[in-house]
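Here is the structure we will look at.
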Amino acid sequence: MADMMDYLDWRGDVPFSASPFNEVDNLILSEVAYVDFEGIVPGPDEWAEAKTPQMKKAATISVTDALIRFWELHTKEEIDSSGTFYKKAPYVLEKLCSGPRFGNIYLAGYINQVSAEKDEQMSAITFFLPDGTAFAAFRGTDDSLIGWKEDFTFSFRKTTAGQKSASEYLNKMFGIHAETECREYSFDNGLNLKNNYPIRVGGHSKGGNFAVYASAFCAENVKNRIACVYNNDGPGVLEETARTKEYKEILPKVYSIIPQESLFGLLLHSGYCHKVIKSSAKGLFQHDALTWQVKRSRFEEVAHVSEKSLMLEKAIESWVYGMTLEERKKTVNILFTLFEETGFENISEFGSEQFRGIPELLRAYGEMSAEEQHMLREVIMRMFKSGASSLSEELQEKLAAYRKGIW
């Protein structure tokens, strides 16, 4: 079975002039957005403030130079010992540099914004491609508790701090103020950006949600230049957001890709159709983009998501929508207060050797108020009841089908 790494072996020497940008290219750049480019790629302020071609060039870095600088700051031992699912992103970057398809791209506008006060984790980077376009990629959830907490706030907030920052990011990188005096310039390898060059936006997981939200609610002059928005197994939005004029306007440009046993990509409201694809993994591990199966310049498609995926989605939906927005908010705050009281800052710490996070969770739970303990138990019981109810309904449907002789 082939994946994006195999694709880079097969197609890495094929320029965009011979084979236009495709869905697999989108996923590759969305995966590279997980790389820590801190101290390597100039930020969005530097790009926005650059008013001449010379200043614009200074606000970018070639992908090959970025790779060299990355390995000067990090070791392979450090990368391999990471407990995150996206730890292989630097190796995608490394392979990406080995061929002319991506070897001549330039990077700019790197930002990694994390705020416990705002429950925000938003990171993005922009790639300037040889086809004269830009691809703004939003990173998915990182390993931090803050990042995971923001994911949960999607269930009760119309706009999260990260979503707002994502819209501001597009405005800063591509708004009128960023290009008032300089709208046409070239890079050292002959790559040219002409007036009002097209923009593609994408991301994996939460980054896919940010890509859609930011594209819907960015400035009109930026929105008009967006050619396509890729949501790679990212959640939807609240129904209230999905009904807005701005959100509905961007829907025709959204391209959603989810694996066959997707969970994250089916959560909340979307309004767009999904392309369902094969993965070499099982269950929740299909969320890892490196497991998605590739055939030539596209993903291997299947007819629909699995029954397991639909059942899990139904259970979670029943659980979430069984609570009011205020109840969801209280639940998330209590749950993450519990995690924060353990002293751990990253999710991977809870799953380290011998699950050393469990005793800390039990200790923190014991120190909570009786009211908070009661509410947490109620929420957990609802979750199990929702799951049992969905399983029961599925069994009843299968039994009915069997009795009709169509199973």
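From a predicted model like this one, the values you see are computed outputs, not experimental measurements. Heavy-atom basis, side chains included; hydrogens, waters and symmetry copies ignored.
Of the residues Val35, Leu107, Val32, the one that meets the side chain to side chain contact (heavy atoms under 4.5 Å, CB included) test with Ile125 is Leu107. Just one residue in the list Asp3, Asn232, Val24 forms a side chain to side chain contact (heavy atoms under 4.5 Å, CB included) with Trp292, and that residue is Asn232. A side chain to side chain contact (heavy atoms under 4.5 Å, CB included) with Phe174 is found for one member of Ile226, Thr126, Asn221, Val201 and no other, namely Thr126.
Under 3.5 Å, the side chains of Ser165 and Glu120 contain a donor-acceptor pair of N or O atoms. A donor atom on one side chain and an acceptor atom on the other are not found under 3.5 Å apart for Lys118 and Gln113. Under 3.5 Å, the side chains of Ser297 and Tyr7 contain no donor-acceptor pair of N or O atoms.
Here the two rings, on His274 and Tyr272, have centers that are under 6.0 Å apart. Residues Phe16 and Phe102 place their aromatic rings such that the two centres sit under 6.0 Å apart.
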Assess the residue pair Ser205 and Tyr34 against the criterion (side chain to side chain contact (heavy atoms under 4.5 Å, CB included)); give the C-alpha distance rounded to whole Å, side-chain angles, the decisive distance to 0.1 Å, and a yes or no.
CA-CA 11 Å; Ser205 191; Tyr34 282 104; 3.9 Å; yes
Determine, stepwise, if the pair Ile111 / Phe37 fulfils side chain to side chain contact (heavy atoms under 4.5 Å, CB included).
CA-CA 8 Å; Ile111 185 172; Phe37 286 111; over 6 Å; no
Between Ser280 and Thr291, is the side chain to side chain donor-acceptor pair (under 3.5 Å) condition met? List the steps.
CA-CA 5 Å; Ser280 60; Thr291 70; 4.7 Å; no
Dump the intermediate steps for side chain to side chain contact (heavy atoms under 4.5 Å, CB included) on Asn26 and Ile257, then the final yes or no.
CA-CA 11 Å; Asn26 134 70; Ile257 306 167; 3.9 Å; yes
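Other residues, nucleotides and ligands place no more than 12 heavy atoms under 6.0 Å from the CD atom of Glu117. Within a 6.0 Å radius of NZ in Lys275, more than 12 heavy atoms belonging to other residues, nucleotides or ligands are found. Heavy atoms of other residues, nucleotides or ligands lying less than 6.0 angstrom from NZ of Lys253 number more than 12. Heavy atoms of other residues, nucleotides or ligands lying less than 6.0 angstrom from NZ of Lys278 number 12 at most.
Using cut-offs of 30° and 60° on the angle between ring planes, the pair Phe135 and Tyr230 is tilted. Below 30°, between 30° and 60°, or above 60°: for Tyr197 and Phe128 the angle between ring planes is above 60°, a perpendicular geometry.
Annotation for Asn231 and Gly234: closest pair OD1-N, 2.9 Å, computed over non-hydrogen atoms.
Under a 3.5 Å cut-off, the side chain of Lys223 and the backbone N or O of Glu246 do form a donor-acceptor pair. Here the side chain of Glu38 pairs no donor or acceptor atom with the backbone of Tyr110 at under 3.5 angstrom. Judged by distance alone, the side chain of Glu23 and the main-chain N or O of Phe299 form a donor-acceptor pair under 3.5 Å. Of the possible polar contacts, one joining the Asp25 side chain to the Asn22 backbone as a donor-acceptor pair under 3.5 Å is found. A side-chain donor-acceptor contact under 3.5 Å links Gln286 to the backbone of Gln260. In this structure, the side chain of Asp65 does not engage the main chain of Ile61 through any donor-acceptor pair within 3.5 Å.
With respect to Glu94 and Lys76, a salt bridge is recorded, a charged nitrogen being found less than 4.0 Å from a carboxylate O. Ion pair Asp6/Arg11 not flagged as a salt bridge, since none of the NZ, NE, NH1 or NH2 atoms sits closer than 4.0 Å to an Asp/Glu carboxylate oxygen. Using a 4.0 Å cut-off between a side-chain N of Lys or Arg and a carboxylate O of Asp or Glu, Lys172 and Glu168 do not qualify as a salt bridge.
Between atom CD1 of residue Ile250 and atom SG of residue Cys228 there is a gap of 9.5 Å, rounded to the nearest 0.5 Å.
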